[in-house]
Amino acid sequence: QVQLVESGGGLVQPGGSLRLSCAASGFAFSNYAMSWYRQAPGKERELVATITSTGGSTTYVDSVLGRFTISRDNAKKTVYLQMNSLKPEDTAVYFCNAKFVGMLTRVYWGQGTQVTVSS
């Protein structure tokens, strides 16, 4: 059974930090690119950051460049999102995503974790 379980969300003041984790099971984690998406109320889901299967390359949406860092530990089957200098506009539900592109494309989603940035 495929599972992506996010954790680490919560309420934080502007300027604060949070570290999200996404624990994977039920599929070959090290073969999948991993991403974090977010969705704020009334807005479309947005791609925040992606890391390749080996961890050798990362990409970010412009709004989080220099503040967020995506990383992965293939031995632990876990992907992380370190979020620093948080702003109120970072408030959203954050989702973990796994994607494999081959003969067939496979995509898995986690259930999401709420991040609220407010004073």
Side-chain angles (χ1 to χ4, degrees):
Q1 180 184 1
V2 172
Q3 280 193 311
L4 291 172
V5 180
E6 299 100 333
S7 60
L11 173 64
V12 63
Q13 291 187 341
S17 296
L18 282 175
R19 188 194 195 202
L20 304 184
S21 299
C22 172
S25 61
F27 64 99
F29 179 80
S30 62
N31 291 341
Y32 283 66
M34 298 299 297
S35 298
W36 287 95
Y37 285 73
R38 66 186 179 186
Q39 188 166 19
K43 294 189 176 181
E44 293 187 355
R45 192 169 294 191
E46 172 187 45
L47 175 60
V48 175
T50 298
I51 187 167
T52 55
S53 59
T54 62
S57 179
T58 58
T59 56
Y60 300 90
V61 67
D62 285 350
S63 59
V64 309
L65 272 173
R67 300 189 298 122
F68 290 11
T69 302
I70 188 171
S71 61
R72 66 190 295 161
D73 185 333
N74 283 351
K76 294 183 178 179
K77 297 183 179 181
T78 301
V79 63
Y80 306 96
L81 186 67
Q82 178 67 43
M83 305 186 294
N84 299 328
S85 302
L86 282 161
K87 304 176 181 180
E89 52 263 43
D90 295 318
T91 295
V93 178
Y94 283 71
F95 297 90
C96 179
N97 168 280
K99 185 175 182 179
F100 173 80
V101 177
M103 291 291 290
L104 295 175
T105 296
R106 297 184 179 91
V107 178
Y108 306 124
W109 289 94
Q111 82 289 349
T113 186
Q114 176 70 47
V115 172
T116 302
V117 185
S118 175
S119 54

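For clarity, every value in this text was computed on a predicted model and none was experimentally measured.
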Sequence neighbours left out, cut at 3.5 Å: what donor-acceptor pairs do the side chains of residues 22-36 make with other protein atoms?
from, atom 1, to, atom 2, distance (Å)
S35, OG, T50, OG1, 2.8
W36, NE1, Y80, O, 3.4

Flag for S17-N84: side-chain donor and acceptor within less than 3.5 Å: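 There is such a pair (donor and acceptor under 3.5 Å, judged by atom type) between the side chains of N84 and S17.
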Distance-only polar pair, side chains of T116 and Q114, donor-acceptor under 3.5 Å: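 Distance-only check passes for T116 and Q114.
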Given a cutoff of under 4.5 Å between side-chain heavy atoms of I, L, V, M, F, W and Y, with clusters grown through shared members, what are the other residues clustered with [X]?
X	answer
M103	none
L11	none
V5	none
L104	none

Residue list, salt bridge (Lys or Arg N to Asp or Glu O under 4.0 Å) with R67, at least two apart or on another chain: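 Once residues adjacent in sequence are excluded, the partners of R67 under the salt bridge (Lys or Arg N to Asp or Glu O under 4.0 Å) criterion are D90.
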Hphob cluster co-occupancy, M83 + V93, side-chain heavy atoms under 4.5 angstrom: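 No, it is not one cluster - the side chains of M83 and V93 are not joined through contacts under 4.5 Å.
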Same apolar cluster (I L V M F W Y, side chains within < 4.5 Å links), V101/L4: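 V101 does not cluster with L4.
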K99 side, atom NZ; Y108 side, atom OH - distance, nearest 0.5 Å: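 Those atoms lie 13.5 Å apart.
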Point-to-point distance, once rounded to the nearest 0.5 Å, from OH of Y37 to CG of L47: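 Output value for this atom pair is 4.5 Å.
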Main-chain N/O of [Y] paired to [X] side chain as donor or acceptor, under 3.5 Å:
X	Y	result
T78	K76	yes
E6	Q111	yes
N74	K77	no

Nearest heavy-atom neighbours spanning A92 and A40: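 Nearest pair, atom of A92 first, then A40: CB-N, 3.8 Å.
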Closest contact, heavy atoms only, V79 versus I51: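 For V79 versus I51, the nearest heavy atoms are CG2-CG2, 4.2 Å.
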Side-chain donor-acceptor pairs under 3.5 Å in residues 53-60, sequence neighbours left out?
from, atom 1, to, atom 2, distance (Å)
T54, OG1, G56, N, 3.3
Y60, OH, I70, N, 2.9

Does [X] have any side-chain contact (heavy atoms from CB on, under 4.5 Å) partners at least two apart in sequence or in another chain, and if so, which?
X	result
Q39	R45, F95
S119	P14
V12	L18, L86, V117

Contacts of type side chain to side chain donor-acceptor pair (under 3.5 Å), residue E46, not counting sequence neighbours: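 Side chain to side chain donor-acceptor pair (under 3.5 Å) list for E46, sorted by chain: R38.
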Neighbour count above 12 (heavy atom, 6.0 Å) for E44 CD: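 Counting neighbours around CD of E44, 12 or fewer heavy atoms of other residues, nucleotides or ligands fall under 6.0 Å, so no.
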F100 vs T105 side-chain heavy atoms within contact, under 4.5 Å: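 Answer no - side chains too far apart.
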Pairs flagged by disulfide bond (SG atoms under 2.5 Å apart) wherever residues 31-68 is involved - sequence neighbours left out: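 Residue pairs passing disulfide bond (SG atoms under 2.5 Å apart), neighbours aside: none found.
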